[in-house]
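Report on the structure given below.
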Amino acid sequence: MLEGLNPQQQAAVTLPAEHALVLAGAGSGKTRVLTTRMAWLIQTGQVGPHGLLAVTFTNKAAREMLTRLSALLPINTRGMWVGTFHGLCNRLLRAHHREAGLPQAFQILDSADQLSAIKRMLKAAGIDDERFPPRDVQRMINSAKEDGLRPGDLDARDSHARRLADLYQRYQDQCEREGVVDFGELLLRAYELLQREAPIREHYQRRFQQILVDEFQDTNVLQYRWLMLLAGAHTPVFAVGDDDQSIYAFRGANVGNMADFEQRHARGRVIRLEQNYRSQGHILDAANALIAHNANRLGKNLWTDAGEGEPLRVVEQASDALEAQWLVDEIRALVREGHPAHEIAILYRSNAQSRPIEHAMFSARVPYRVYGGQRFFERQEVKHVLAYLRLIDNPNDDTSWMRVVNFPTRGIGARTLEQQADMAAQQGTSLAGAVAFVPGKAGASLARFATLIRELAEEARTLDLPELIGHVVHHSGLEAHYRADREGQDRLENLQELVNAAAAFVAEEGFQGLPAARIPETAAIAADAPAGTDPAFGDGGQPSPVVMSPLGAFLSHASLEAGDNQAQAGEDAVQLMTVHAAKGLEFDAVFITGLEEGLFPHENSLLDQGGLEEERRLMYVAITRARRRLTLTLAQSRMLHGQTRYGMRSRFLDEIPEEHLKWITPRQRQVAARPPWSGAFRRGLGDWQGEAGSSFAPRSPRTQSAGVTVGEQCFRIGTGVRHGRFGEGTVVALSGSGADAQARIEFRDAGTKTLALGVAKLEVLD
DNA sequence: TTGTGATGACTTTTT
DNA sequence: GTCATCACAA
């Protein structure tokens with residue numbers, strides 16, 4: 001089992017049962033270490049398959065883990081707690097829904113459902129204020145939950161903040177009434193359940209003797225707390241991650257979890273996997289040199305014995321169209337030389353950049369495949385059917401009610417629905433519960449819809465799930481509606497695909513022949529219960545089934561796994577995707593495009609704390625995708641937002657040492673002046689220059705400005721400063737400019753550190 | 001209920 | 001340039 005592993009990998013796999021952190025660089029065999037560790041733990045008898053808990057971020061990663069594990073060991077992986085944070089929390093909440101304060105058939109809202117629920121809430125609350133756009137409210141609620149905060153925990157320093165907390169509370173109340181939870185709630189509820197209910201917590205703490213976490217750098221505050229709570233005092237956590245590949249801060253990921261875990265739990269038990277099995281020398285050296293510009297790192301240097309390989313090629317074109325054309329010509333040449341197209345990837349920072357590339361590829365008839373399109377369970381026709389199914393499972397799901405009450409149209413207009421919503425508010429019921437209170441013709445059409453749902457629910461007691469879905473498609477009128485629509489053919493095919501997906505799900509989960517709404521005696525998802533202390537937990541610690549019908553289980557599945565989002569599979573095609581989407585993948589030849597200031601690094605990112613460092617990590621991820629051949633391209637002008645913009649060469653190009661670069665087109669002299677659209681940067685400088693106080697960290701590090709460095713403005717060598725954590729010190733060196741400015745500071749007690757002025761909170765001592 | 005034109009936003013994304 | 005949203009007319 002251990003053969004073929006290098007010494008560091010072996011050390012990681014065979015670590016003793018204590019908290020440990022594995023810093024796994026790109027291409028260092030991370031997944032292999034993780035799965036081998038699991039297999040090793042089981043094989044050496046340290047833990048049974050059911051004493052393991054392994055958590056990932058994506059379903060794909062979880063599946064991969066299980067597949068590899070079964071290849072290593074002849075065990076049945078069914079029922080093992082290997083899954084995503086959300087999947088595992090769902091499992092916990094289903095098993096203990098009563099203690100968690102949830103209805104048995106609670107539904108899960110995806111982001112789109114959540115947004116429409118929020119819009120409904122805002123309407124009901126009479127909020128018609130542009131200071132509270134639904135998207136902002138959604139972001140606020142989600143980020144609060146990611147930090148483990150309830151409405152009462154939010155700061156209420158001003159009326160706006162109090163208002164937001166109030167909206168969060170109203171949203172919670174609405175979810176409660178409707179029996180739905182959003183993604184964040186899944187985690188927070190599960191966390192609170194474990195925290196509050198000692199018997200349940202202790203049971204799971206006893207049960208899980210080993211916890212393993214993948215992509216630890218992507219965990220948010222709440223996920224980290226959830227893990228440590230579940231670990232309790234005795235269960236070791238084996239965390240694998242790479243702080244240099246942390247690219248999801250914008251959705252709540254907190255890289256700080258790694259440093260915290262190391263310092264508080266895994267001190268002295270950090271293993272670095274630095275041997276890279278993917279890329280050749282120039283590529284790795286370029287990546288190392290680039291990422292060294294980041295100040296806050298745990299530190300790591302990749303190396304390879306695969307040889308130097310080729311330097312990175314750099315190509316500059318006059319426009320985005322010419323950049324795309326160059327890519328197409330180059331790729332055709334590669335394919336002609338015998339490179340398989342699917343081993344070639346074109347990466348870009350933002351989705352909008354795919355357009356000219358697609359255009360050029362299409363015109364040249366080069367087969368390509370774009371990642372990140374719409375996903376199966378997010379298609380509107382699929383969501384419509386799912387809404388009917390949810391109403392069958394839980395008629396109080398107002399989000400679903402609103403979605404399909406008039407789709408296909410059955411003469412129920414906005415006026416009627418408003419009336420219904422008013423009655424529901426008055427009676428304190430769901431929309432379904434308010435039907436009887438709506439008078440007249442409007443009430444009659446609502447009643448007809450309610451009857452339809454009731455009848456379908458009745459069918460669900462005899463038909464199996466695929467049959468039920470076919471039945472719903474027909475009797476809801478969706479079938480006729482799409483048949484009448486000229487472009488409805490594809491949609492009908494997708495609905496047939498949904499029936500097939502349900503059939504596959506039913507077979508997979510052992511629900512064959514069972515009526516869709518029937519709760520089976522031996523449920524698919526085994527949870528277990530604390531040893532016989534409480535009758536609610538069942539039978540003395542034996543795995544007890546989670547009460548879920550095929551319908552309920554399928555709806556959870558549809559929410560938690562949105563399905564494939566890859567376009568035309570199969571064909572040998574060039575791969576087009578964002579850098580984010582490329583994480584975890586590798587290709588023989590990689591093209592990183594649009595290396596221009598404002599695009600990569602993206603101008604918006606410079607507004608965020610640590611934004612530039614995250615962009616640099618993104619570039620690091622992009623570079624390390626390539627095995628043998630890496631090409632960086634840029635365009636002098638680019639169509640963006642309907643305007644032609646002229647960008648400067650990305651600073652990332654200048655951060656890679658010349659010896660690793662080979663300019664294919666002549667290297668242009670950098671233009672002195674910033675293009676007009678970077679005016680925001682200049683404004684930023686004024687902002688914080690004018691700020692009185694003594695904090696020299698700009699409110700936002702958007703301080704890029706032609707020819708002026710932060711150091712010249714505000715710091716001089718020899719300046720005395722104070723830092724929150726490191727204490728007092730003296731500036732000994734300055735480097736970089738603008739948002740990238742760094743100061744080397746000799747602290748009296750904490751040693752010498754290099755800090756990014758855009759990030760570090762420094763106070764100047766007079 | 002449905003269609004039209006004006007308006008404004010526009011990085012990345014899994015669950 | 002493109003897409004979503006929204007107010008208002010037919």
Side-chain angles (χ1 to χ4, degrees), chain A residues 55-62 83-90 108-116 119 128 130 133-136 139 142 145-146 181-188 190 214-215 218-220 222-223 246-253 320-321 347-356 359 371-375 377-378 406-417 445 556-565 577-584 594 598-608 611 614-615 617-619 621-622 638-645 677:
Chain A
V55 60
T56 62
F57 276 87
T58 65
N59 292 298
K60 194 175 151 206
T84 63
F85 279 100
H86 294 84
L88 298 179
C89 286
N90 179 48
I108 302 165
L109 301 182
D110 68 19
S111 310
D113 298 332
Q114 184 191 31
L115 187 61
S116 64
K119 284 179 182 165
D128 190 21
E130 64 237 24
R135 289 201 167 277
D136 288 9
R139 241 209 345 252
N142 287 340
K145 289 185 179 183
E146 279 153 11
V181 298
D182 57 46
F183 287 135
E185 188 70 20
L186 231 31
L187 288 158
L188 186 47
D214 191 18
E215 306 278 15
D218 289 338
T219 52
N220 62 36
L222 180 60
Q223 286 161 336
S246 163
I247 55 174
Y248 286 111
F250 69 92
R251 66 177 199 215
D320 49 354
L347 310 185
Y348 34 80
R349 174 67 242 270
S350 64
N351 283 304
Q353 285 167 256
S354 77
R355 176 176 292 278
H359 180 80
Y371 279 64
Q374 228 202 354
R375 317 173 80 207
F377 286 113
E378 286 166 1
N406 197 39
F407 194 95
T409 49
R410 29 179 90 85
I412 299 174
R415 190 70 259 286
T416 303
L417 291 175
S445 4
S556 284
H557 169 78
S559 306
L560 290 172
E561 181 150 16
D564 244 342
N565 64 357
M577 67 191 84
T578 63
V579 179
H580 281 93
K583 191 174 157 209
L599 244 201
F600 200 0
H602 198 280
E603 52 189 322
N604 292 0
S605 72
L606 302 181
L607 302 172
D608 302 329
E614 178 141 324
E615 293 289 302
R617 291 193 291 267
L618 206 43
M619 182 66 185
V621 168
R638 186 175 293 278
M639 273 300 257
L640 218 53
H641 308 329
Q643 277 180 313
T644 305
R645 311 217 298 183
W677 45 268

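Excluded from the calculations below are hydrogen atoms, water molecules and symmetry mates; all remaining heavy atoms, backbone and side chain alike, are included. In the text below, chain A, chain B and the rest are named by the order of the sequence lines, each starting its count at 1.
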Is the base of B/dT11 stacked against the aromatic ring of A/His602, taking ring centres under 5.5 Å apart and planes under 30° as the test?
yes

Value for SG (A/Cys89) from CD (A/Glu185), rounded to nearest 0.5 Å, stands at 11.0 Å

What is the distance, rounded to the nearest whole Å, between atom CG of A/Asp218 and atom C1' of B/dT13?
11 Å

Atom pair distance, as rounded to whole Å: CG in A/Asp608 and C1' in B/dT11:
10 Å

Phosphate-side-chain proximity, A/Asn351 and B/dT13, N/O vs OP1/OP2 below 4.0 Å
yes

Just the rounded figure in Å: distance from C1' of B/dT13 to CZ of A/Arg135.
13 Å

On DNA chain B, compare the nucleotides closest to A/Ser605 and A/Ile412; which residue's is nearer the 5' end?
A/Ile412

Expressed in angstrom and rounded to an integer, what is the separation of A/Phe407 atom CZ from B/dT2 atom P?
9 Å

Sugar-phosphate only, base, or nothing, as touched by A/Phe85 at under 4.0 Å among non-hydrogen atoms:
nothing

Whole-Å gap separating P (B/dT14) and CG (A/Asp182):
18 Å

Can you find an N or O donor on one side and an acceptor on the other, under 3.5 Å apart, linking the side chain of A/Thr578 with the base of B/dT13?
no

Are the side chains of A/Met577 and A/Leu347 in touch, meaning some heavy atoms are under 4.5 Å apart?
yes

Figure out the NZ/P separation between A/Lys60 and B/dT13, and round it to whole Å.
14 Å

Heavy-atom side-chain contact between A/Leu186 and A/Leu560 under 4.5 Å
yes

Centroid under 5.5 Å and tilt under 30°, A/Phe250 to B/dT12
yes

Find out whether A/Leu187 and A/Lys145 are in side-chain contact, i.e. whether some heavy atom of one side chain is under 4.5 Å from a heavy atom of the other.
no

Are any of A/Asn59's side-chain N or O atoms less than 4.0 Å away from OP1 or OP2 of B/dT15?
yes

Would you call A/Asp110 and A/Arg375 a salt bridge, taking side-chain N to carboxylate O under 4.0 Å as the test?
no

Would you indicate which nucleotide in B/dT15, B/dT11, C/dT2 comes nearest to any side-chain atom of A/Arg349?
B/dT11

Taking only the side-chain heavy atoms of A/Thr58 (C-beta and beyond), determine which of B/dT1, B/dT15, C/dT2 contains the nearest atom.
B/dT15

Residue mapping more 5' on DNA chain B - nearest nucleotide basis, A/His86 or A/Thr409:
A/Thr409

Any base atoms under 4.0 Å from A/Ser559, or only sugar-phosphate, or nothing? Heavy atoms, all strands.
nothing

What nucleic acid atoms does A/Asp110 come within less than 4.0 Å of, heavy atoms only: base, sugar-phosphate, or nothing?
nothing

Which class fits the ring pair A/His580 and A/Tyr248: parallel under 30°, tilted 30 to 60°, perpendicular over 60°?
tilted

Rounded to the nearest Å, what distance is computed from the NZ atom of residue A/Lys145 to the C1' atom of nucleotide B/dT14?
16 Å

Applying a 4.0 Å non-hydrogen cut-off, can you work out what A/Leu347 is touching in the nucleic acid: base, sugar-phosphate, or nothing?
nothing

Choosing from B/dT15, C/dG1, B/dT14, which nucleotide comes nearest the side chain of A/His641?
C/dG1

Phosphate oxygens OP1/OP2 of B/dT15: is one of them under 4.0 Å from a side-chain N or O of A/Arg375?
yes

Tell me the interatomic distance from A/Phe183, atom CZ, to B/dT15, atom C1', rounded to whole angstroms.
4 Å

If you only use heavy atoms from C-beta on, which nucleotide in B/dT13, B/dT11, C/dG1 is closest to the side chain of A/Asn604?
B/dT11

